[in-house]
Every structure is written in structure tokens, then in C-alpha cells.
Amino acid sequence: MIELKQLRKSIGDQAILEDISLTIAAGSFFGIIGPNGSGKTTLIGLIAGIDQPDSGSFLLNGRPIAAYSRKERARFLAVLPQEGLQADGFTVREVLEMGRFPYQSWFGGEAVESSSLIERIMDRLSIRHLAERLVEHLSGGERQRVALGKTMVQEPKVLLLDEPTAFLDIGYQIQLMDYIKEWQAESGLTVIAVLHDLNLAAQYCEKLLLLHEGRIACVGEPKDLMNAELITRVYGTRPIVLAHPQSGIPQIL
């Protein structure tokens with residue numbers, strides 16, 4: 001579904017990404033990891049169409065991303081950013097209703113009534129009791145669940161995550177990632193996630209891309225990337241790698 005060919009991006013004379021080429025299969029859970037400054041957020045911004053590469057191409061379903069109108073793109077791609085929800089002054093229900101924008105006419109109407117979809121998603125994320133509460137009165141975990149609900153209402157085929165657990169405690173991190181994993185498995189959603197926590201990335205992602213100084217250091221399954229030599233070379237610290245006692249997936253200490 002997603003194909004990147006020799007993407008390059010720079011700011012001034014500073015190269016941020018160099019020669020990024022990879023294919024992400026439809027319906028997969030794909031993770032992007034790497035040290036601070038390695039180009040992770042820049043790459044997710046290029047995939048989202050927020051920014052444009054200096055050279056190279058990005059194909060979505062065989063079409064250049066630039067060939068999609070804004071609304072067409074929004075029907076394909078949804079973004080859950082690390083800073084969460086910026087919607088003060090709106091209720092939870094109103095925020096979820098914003099997720100239907102790509103399907104609305106110029107007059108704000110839809111061909112298909114969506115209130116039942118919104119109700120189901122509020123139940124699924126256990127936020128129905130927050131429906132009439134203003135977003136600024138929510139906790140960090142609640143805000144991130146509402147932000148996820150907005151992307152679910154959008155019914156995208158691709159979900160982009162930019163460190164969505166960055167400001168959450170461990171309980172909310174697992175809860176959020178479980179919600180996303182269940183949604184991905186049930187609907188065939190393609191998930192592309194920038195994750196700072198290597199153990200979280202290994203547990204939830206089927207394949208990982210490791211960036212180092214703007215270049216691809218490795219692409220493969222968690223077992224291919226979570227090895228002491230590679231982590232030492234890229235992150236500058238030598239970990240202990242152990243198998244998770246339940247899943248067997250490599251985890252680092």
C-alpha cells in the first residue's frame with residue numbers, strides 16, 4: 001500500500017533524511033524507532049503529507065500522495081500526534097464529530113448518518129460518560145483516548161502515530177496500544193508508529209525500521225533489530241537483551 005523511494009529531506013544545508021526506500025504492506029503494524037534527531041518525526045510528517053521531500057517519491061495505493069485532494073487524503077490517512085488533543089472549548093462529542101469532516105459536503109451534511117458510529121466508538125473507548133465534558137477538563141489519558149476516538153471516527157485505512165504514548169504513564173500506554181492493536185487486527189488497518197520506547201515497539205509492531213543519523217540502519221522483525229550489537233552502535237549504550245517470558249519477543253534492559 002505504501003511505497004517510499006529514495007526520499008531525501010534537508011533543512012538548509014543539514015540533511016535530515018537520506019535515501020529512505022521501503023515498502024509497508026497493507027494491514028501491517030509498522031514501527032519507526034531511532035535516537036533523538038534521527039529523523040523519525042520528519043519521516044512521519046512526509047508520509048502524512050504535512051511536508052514534502054526534497055527528492056524521491058511516496059506512493060499511496062500506487063498514486064503519488066500529491067495526487068490526492070485534502071479530503072481524499074483524510075479518508076486514507078489519520079494522524080495521532082504526540083502532543084495529543086488541541087481542542088479546548090469543545091466537548092468530547094464535538095471533537096469526535098470533527099472526525100467526520102472528510103465525508104461532509106460543503107454544507108456540513110453526510111450521505112450516511114454517523115451518530116451511531118460515534119456512539120459505538122465512545123463505548124469502545126469507555127468515554128461515553130465524558131461526552132459532554134470539555135476537553136480541557138480531561139486528564140492526559142482521557143484526552144489521548146478522545147484523540148484516538150476522533151481518528152477512529154475518521155475511518156482511515158492508514159493510522160499514523162507520532163510517539164502517542166510520550167506523556168502517558170505505563171497503564172495508559174498499554175491501554176492505548178491495546179486499543180490500537182485490536183482496531184488494526186479487526187479492520188485491516190495499516191498502522192505506522194513512531195515509538196520512543198523500544199520494548200513497546202517490539203511488543204506491538206510486526207516490523208521495525210531503525211533510523212540512525214537520517215539513514216536506514218536496519219529494517220526487519222523485532223528479533224532482527226533488538227540485538228545488543230546494533231543497539232550499541234546506534235544508541236551508544238550496551239543493553240542486555242532478554243526474551244519476554246510470555247511472548248518470547250526480545251526486550252532490552
Side-chain angles (χ1 to χ4, degrees), residues 1-7 9 17 19-34 39-53 56-81 99-103 112 114 117 120-121 124-125 147-165 176-195 200-211 216 218-225 247 249:
M1 172 182 275
I2 293 175
E3 188 175 7
L4 311 179
K5 295 182 178 180
Q6 296 181 311
L7 289 188
K9 181 67 179 177
L17 292 171
D19 195 25
I20 304 297
S21 298
L22 63 105
T23 300
I24 301 173
S28 63
F29 203 124
F30 190 91
I32 302 172
I33 59 175
K40 303 185 299 297
T41 295
T42 300
L43 179 57
I44 208 78
L46 293 177
I47 296 173
I50 296 169
D51 203 355
Q52 298 298 317
S57 63
F58 164 37
L59 302 180
L60 178 62
N61 267 2
R63 292 173 61 194
I65 188 67
Y68 290 84
S69 70
R70 185 178 178 185
K71 280 197 170 183
E72 280 183 310
R73 189 184 308 169
R75 291 182 192 129
F76 263 98
L77 297 169
V79 181
L80 184 63
R100 297 306 298 172
F101 167 76
Y103 303 94
V112 178
S114 60
L117 171 66
R120 289 198 306 273
I121 289 172
R124 175 119 188 216
L125 299 177
L148 176 60
K150 180 174 177 287
T151 66
M152 293 176 74
V153 169
Q154 195 174 326
E155 296 186 295
K157 295 177 175 61
V158 180
L159 176 63
L160 306 177
L161 310 173
D162 186 8
E163 298 191 23
T165 62
L176 185 73
M177 295 301 291
D178 280 348
Y179 280 135
I180 294 168
K181 188 70 173 180
E182 289 167 8
W183 180 20
Q184 181 252 343
E186 291 174 8
S187 66
L189 181 72
T190 303
V191 179
I192 305 173
V194 170
L195 293 166
L200 206 63
Q203 283 293 328
Y204 286 92
C205 300
E206 298 153 17
K207 290 190 72 174
L208 294 170
L209 160 66
L210 175 60
L211 286 175
I216 295 176
C218 188
V219 179
E221 297 178 12
K223 63 180 177 63
D224 302 317
L225 276 72
S247 67
I249 293 171

- Query: With sequence neighbours left out, what residues match Asp51 under salt bridge (Lys or Arg N to Asp or Glu O under 4.0 Å)?
  - Reply: Lys9
- Only counting residues at least two apart or in another chain, list the ones meeting side-chain contact (heavy atoms from CB on, under 4.5 Å) with Glu206. Ser28, Phe29, Lys181, Gln184
- Should we say atom CD of Glu72 is surrounded by more than 12 heavy atoms from elsewhere, each under 6.0 Å from it? yes
- Query: With sequence neighbours excluded, what pairs up with Arg124 under the salt bridge (Lys or Arg N to Asp or Glu O under 4.0 Å) test?
  - Reply: Glu182, Glu186
- Item | Any residue meeting side-chain contact (heavy atoms from CB on, under 4.5 Å) with Gln203, in chain and number order, not counting sequence neighbours | His244, Ser247, Ile249, Gln251
- With sequence neighbours excluded, tell me which residues meet ring pair (Phe, Tyr, Trp, His ring centres under 6.0 Å) with Phe76. Tyr68
- Output all residues satisfying side-chain hydrogen bond (donor to acceptor under 3.5 Å, both in side chains) with Tyr204, sequence neighbours left out; order by chain, then residue number. Asp178
- Note on the structure: Residues passing the side-chain hydrogen bond (donor to acceptor under 3.5 Å, both in side chains) test with Gln154, sequence neighbours excluded, are none
- Query: How would you list, by chain and number, every residue that makes a side-chain hydrogen bond (donor to acceptor under 3.5 Å, both in side chains) with Thr41, sequence neighbours excluded?
  - Reply: Asp162
- Tell me, please, which residues at least two apart from Ala66 pass side-chain contact (heavy atoms from CB on, under 4.5 Å). none
- Note on the structure: The single option from Ile20, Leu46, Ile47 that satisfies side-chain contact (heavy atoms from CB on, under 4.5 Å) with Phe58 is Ile47
- Query: Partners of Ala185 by side-chain contact (heavy atoms from CB on, under 4.5 Å), sequence neighbours excluded?
  - Reply: none
